[in-house]
Amino acid sequence: MAEAAESPGDRGTASPRPLFAGLSDISISQDIPIEGEITIPMRSRNREFDSSTLNESVRNTIMRDLKAVGKKFMHVLYPRKSNTLLRDWDLWGPLILCVTLALMLQRGSVDSEKDGGPQFAEVFVILWFGAVTITLNSKLLGGNISFFQSLCVLGYCILPLTVAMLICRLVLLAEPGPVNFTVRLFVVIVMFAWSIAASTAFLADSQPPNRKALAVYPVFLFYFVISWMILTFTPQ
Amino acid sequence: MATPAAPAGGARSGAGPEWGGFEENIQGGGSAVIDMENMDDTSGSSFEDMGELHQRLREEEVDADAAAAEEEDGEFLGMKGFKGQLSRQVADQMWQAGKRQASRAFSLYANIDILRPYFDVEPAQVRSRLLESMIPIKMVNFPQKIAGELYGPLMLVFTLVAILLHGMKTSDTIIREGTLMGTAIGTCFGYWLGVSSFIYFLAYLCNAQITMLQMLALLGYGLFGHCIVLFITYNIHLHALFYLFWLLVGGLSTLRMVAVLVSRTVGPTQRLLLCGTLAALHMLFLLYLHFAYHKVVEGILDTLEGPNIPPMQRVPRDVPGVLPAARLPATMLNATAKALVVSLQSH
């Protein structure tokens with residue numbers, strides 16, 4: 001490939017004018033700016049590459065990424081009108097949340113005989129499949145949001161539900177009973193509402209104003225299914 | 001002779017065959033100059049020349065390989081040349097396949113625009129269509145309008161999936177192979193797509209005026225009744241209530257679809273066939289969904305009575321068609337039968 005890229009230059013020096021005299025007369029005028037256009041992007045990319053990540057230590061890189069993820073978590077917990085979550089999206093946060101939730105929803109024993117509970121793979125697939133479906137739906141409704149931005153927002157907005165799952169597991173350590181269930185129900189409902197509110201705060205602006213309800217409905221359904229899984233979870 | 005062969009192969013599998021050709025010409029000398037001149041003169045047909053050039057180069061390569069083979073052990077290195085060619089061919093094929101797949105994925109994403117018209121709805125429209133799906137219109141002489149829209153049906157199917165998941169959870173349904181989610185999605189989408197295509201096929205046979213899109217929309221909105229009935233009866237375990245809803249809500253949404261189909265079909269036999277099939281399938285599907293994934297109070301009583309009963313899988317724990325009122329005599333009959341058996345055994 002490198003040779004192929006260099007070959008135009010080689011050809012220019014090696015072959016004398018008569019070869020391309022005709023071509024240049026026909027298609028390209030003798031103005032210089034075209035050359036300038038071509039060289040500038042390469043140089044700028046190189047500079048950026050040098051200055052940003054190559055020279056710093058691995059620890060710095062990881063800390064920077066973790067800080068970015070943490071900042072986005074804060075945005076979800078305290079949703080404001082901000083575009084940080086949309087502008088520089090990443091899928092690390094969603095991955096972490098998804099894996100955490102799926103691990104917590106996994107039952108203690110692998111008893112295939114009597115196992116109606118969600119398995120790791122099931123939770124994982126539901127989360128990603130649901131997010132992709134919602135994203136496609138919002139694209140079809142005419143939203144001006146990119147595919148991964150939407151995935152990022154939906155993934156990060158699982159955070160309240162993951163917290164709810166954590167609380168539920170703690171509550172389940174206490175003895176079971178109606179009080180126990182009521183506490184869990186309350187926590188899950190609050191966190192469910194939180195998730196919906198956070199995701200709509202980020203996603204609603206990308207939709208045409210008259211269609212917000214249509215785009216929000218599948219989001220509601222998605223988080224409802226997840227909350228339902230969390231509420232009905234019982235460790236063996 | 002080995003050096004010119006390598007870039008030519010790379011260029012052929014890689015980006016631009018023209019550049020590979022040029023390079024070849026510069027390095028190779030001789031005949032290449034003639035080709036370049038050719039290209040300069042006939043700028044229009046230069047690609048054909050390039051193709052010819054490639055052909056020749058390939059032949060040269062083969063010759064080179066053959067020559068190399070002759071220098072050393074004949075049989076062995078003939079194999080080697082063949083292997084080189086083969087690997088190049090495989091790489092070429094892999095590249096082609098990868099490119100095709102990538103372009104297909106890209107075109108799929110670009111094709112979203114094709115689907116967009118079917119999702120062009122307002123919330124108010126969806127609301128009114130949902131309501132209309134429960135209101136049969138008695139207008140037979142003139143074909144009734146069906147909105148060709150997929151947002152509502154798709155969302156209703158997903159809602160049904162969620163409700164089914166809910167019902168499976170509360171009924172502790174046990175599925176041995178497969179997941180709850182997969183089963184729910186499979187059931188709902190399978191019903192929607194399968195029955196739509198089946199009825200579309202029947203409609204084609206019966207000469208009804210309906211398109212596949214309209215059929216999908218019609219059946220999709222027909223699922224609204226199912227969603228309501230199932231959502232209520234999964235939470236309130238009353239048999240009488242379910243049968244009431246089944247007849248009333250399920251019946252209304254079925255009637256609506258039947259009315260639309262009747263208005264679009266000509267001839268009594270065709271109408272009967274088409275509408276009978278659709279009505280039967282639609283109503284039975286609701287029955288199936290209810291009884292397959294429903295937790296019933298009687299089920300708990302059964303398990304309390306006999307703890308040794310093996311767990312059933314996806315089997316209704318009650319008998320469909322037996323109303324609570326009718327159940328009482330049945331249990332009494334059972335009790336008398338048991339007593340009879342006991343007395344017979346004791347004798």
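Just so we're on the same page: letters track the sequence lines, and every chain starts at 1. Quick caveat: nothing in here was measured; it's all calculated off a predicted structure.
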Inset, instruction - With a 4.5 angstrom heavy-atom cut-off, could you sort out which part of A:L140 is near chain B: side chain, backbone, both or neither? - result: both

Legend entry - Minimum side-chain heavy-atom gap B:Y151-A:P218 below 4.5 Å: yes

Inset, instruction - Give, for atom CD1 of B:I163 and atom CH2 of A:W228, the distance between the pair rounded to the nearest 0.5 Å. - result: 11.5 Å

Inset, instruction - Give a yes or no on whether A:W194 atom CH2 has more than 12 heavy-atom contacts from other residues, nucleotides or ligands under 6.0 Å away. - result: no

Inset, instruction - Please check if atom CZ in A:F147 has more than 12 non-hydrogen atoms from other residues, nucleotides or ligands closer than 6.0 Å. - result: yes

Inset, instruction - Start with the C-alpha distance between A:F129 and B:I185, add both sets of side-chain angles, then the distance that settles side chain to side chain contact (heavy atoms under 4.5 Å, CB included), and finish with yes or no. - result: CA-CA 11 Å; A:F129 176 76; B:I185 287 183; 3.8 Å; yes

Inset, instruction - Let me know which of A:L214, A:N137, A:L136 forms a side-chain contact (heavy atoms from CB on, under 4.5 Å) with B:F119. - result: A:N137

Inset, instruction - Just give me the residue among B:L115, B:T159, B:V126 that pairs up with chain A most often, heavy atom to heavy atom, under 4.5 Å. - result: B:T159

Inset, instruction - Report the distance from atom CE of B:M155 to atom OH of A:Y217, rounding to the nearest 0.5 Å. - result: 8.0 Å

Inset, instruction - Check for a donor-acceptor pair, side chain of A:R211 on one end and backbone N or O of B:V121 on the other, with a separation under 3.5 Å. - result: yes

